[in-house]
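Right, one structure below, let's go through it.
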Amino acid sequence: MENCIFCKMANKEIEPKVVYEDAEILAFYDIAPKMPVHVLIIPKKHIASLAEAQEEDLALLGKMQLVAKKIAEELGISESGYRLVSNCRADSGQEVPHLHYHLIGGKKMGIFC
Ligand code: 5GP
Ligand code: ZN
């Protein structure tokens with residue numbers, strides 16, 4: 001997808017600080033972290049948000065969650081706990097229209113922020 005900043009990361013036009021990568025998924029540090037640990041997990045395939053995900057994306061979505069679990073273990077927040085958030089469309093405040101999970105942790109959180 002042209003002009004999509006996360007697609008540019010997936011195809012290495014822009015080089016983020018990578019935490020995890022495989023053929024289908026890329027994870028990298030958020031440029032403006034809101035928590036001590038703040039990683040973004042994206043599918044390399046362009047999906048605008050969860051609202052655009054299809055049945056064929058089932059395995060990919062499941063894998064993204066297991067990748068989040070693995071990164072949480074590697075970054076030392078698995079025991080203390082973490083949150084996986086995906087903003088979807090306008091009311092959520094989604095800024096980048098390419099599906100991503102925020103993996104956040106490293107500090108005690110309130111219920112929704
Ligand atoms: P959203 O609001 O769409 O759920 O979250 C987008 C996230 O992408 C924000 O937390 C923002 O800081 C992050 N972000 C935006 N542009 C870049 C970038 O160029 N590089 C990185 N690493 N993160 C970005
Ligand atoms: Zn994209």
Side-chain angles (χ1 to χ4, degrees):
M1 176 66 89
E2 252 178 73
N3 291 327
C4 170
I5 191 162
F6 286 178
C7 280
K8 286 183 179 166
M9 291 182 184
N11 67 27
K12 301 294 159 63
E13 275 179 69
I14 299 175
E15 300 245 355
K17 216 173 146 197
V18 172
V19 180
Y20 173 90
E21 180 167 19
D22 65 30
E24 298 171 305
I25 294 168
L26 183 69
F28 51 88
Y29 287 103
D30 195 290
I31 201 167
K34 281 85 181 172
M35 288 285 290
V37 174
H38 190 166
V39 170
L40 301 175
I41 301 163
I42 68 167
K44 289 187 171 175
K45 167 187 175 181
H46 183 86
I47 301 171
S49 76
L50 192 56
E52 283 76 21
Q54 304 293 325
E55 203 63 35
E56 67 190 31
D57 301 316
L58 182 67
L60 178 61
L61 295 172
K63 193 174 176 193
M64 285 172 69
Q65 294 198 46
L66 290 179
V67 165
K69 169 191 156 159
K70 181 181 160 72
I71 294 170
E73 288 166 359
E74 285 174 4
L75 296 184
I77 57 167
S78 184
E79 292 294 321
S80 51
Y82 53 89
R83 184 172 291 164
L84 200 57
V85 180
S86 188
N87 292 320
C88 178
R89 296 184 169 170
D91 275 2
S92 72
Q94 183 182 8
E95 287 173 4
V96 179
H98 178 128
L99 176 65
H100 51 283
Y101 287 140
H102 297 255
L103 171 63
I104 53 175
K107 197 176 81 175
K108 191 139 181 92
M109 288 170 256
I111 277 215
F112 279 121
C113 51

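In this chain, residues are counted from 1 in sequence order. Just so you know, ligand 1 is whichever comes first in the structure, and atom 1 is the first atom listed for that ligand.
- Each of Arg89, His98, His100 was scored for a side chain to side chain contact (heavy atoms under 4.5 Å, CB included) with Ser49, with one residue passing: Arg89.
- Taking CD of Gln94 as the start and CG of Leu50 as the end, the distance is 9.5 Å to the nearest 0.5 Å.
- The aromatic rings of His102 and His38 are tilted relative to each other, their planes meeting at an angle between 30° and 60°.
- Qualifying salt bridge (Lys or Arg N to Asp or Glu O under 4.0 Å) partners for Glu24, counting only residues two or more places apart in sequence or in other chains: Lys63.
- A search for salt bridge (Lys or Arg N to Asp or Glu O under 4.0 Å) contacts involving Asp91 returns nothing, not counting sequence neighbours.
- Here the N, O or S atom of His46 that is nearest to the Zn ion (ligand 2) is ND1.
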Note every protein N or O atom lying under 3.5 Å from an N or O atom of ligand 1, pairing the names and giving the distance.
unit_1   : atom_1 : unit_2 : atom_2 : d
ligand 1 : 2 (O)  : Gly93  : O      : 3.3
ligand 1 : 2 (O)  : Glu95  : N      : 3.2
ligand 1 : 3 (O)  : Glu95  : N      : 2.7
ligand 1 : 3 (O)  : Val96  : N      : 2.9
ligand 1 : 3 (O)  : His100 : NE2    : 3.0
ligand 1 : 4 (O)  : Asn87  : ND2    : 2.8
ligand 1 : 4 (O)  : His100 : NE2    : 2.9
ligand 1 : 4 (O)  : His102 : NE2    : 2.8
ligand 1 : 5 (O)  : His100 : NE2    : 3.1
ligand 1 : 5 (O)  : His102 : NE2    : 3.3
ligand 1 : 10 (O) : Asp30  : OD1    : 3.3
ligand 1 : 10 (O) : Asp30  : OD2    : 2.5
ligand 1 : 10 (O) : Lys34  : NZ     : 3.0
ligand 1 : 12 (O) : Asp30  : OD1    : 2.5
ligand 1 : 12 (O) : Asp30  : OD2    : 3.4
ligand 1 : 12 (O) : Lys34  : NZ     : 3.3
ligand 1 : 22 (N) : Tyr29  : O      : 2.9
ligand 1 : 22 (N) : Ile31  : N      : 3.3
ligand 1 : 23 (N) : Ile31  : N      : 3.2

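- Residues Ile25 and Ile71 share a hydrophobic cluster, clusters being chains of Ile/Leu/Val/Met/Phe/Trp/Tyr side chains in contact below 4.5 Å.
- Looking at His98, its N, O or S atom nearest to the Zn ion (ligand 2) turns out to be ND1.
- Remark: Phe28 engages Phe6 in a ring pair (Phe, Tyr, Trp, His ring centres under 6.0 Å) (not counting sequence neighbours).
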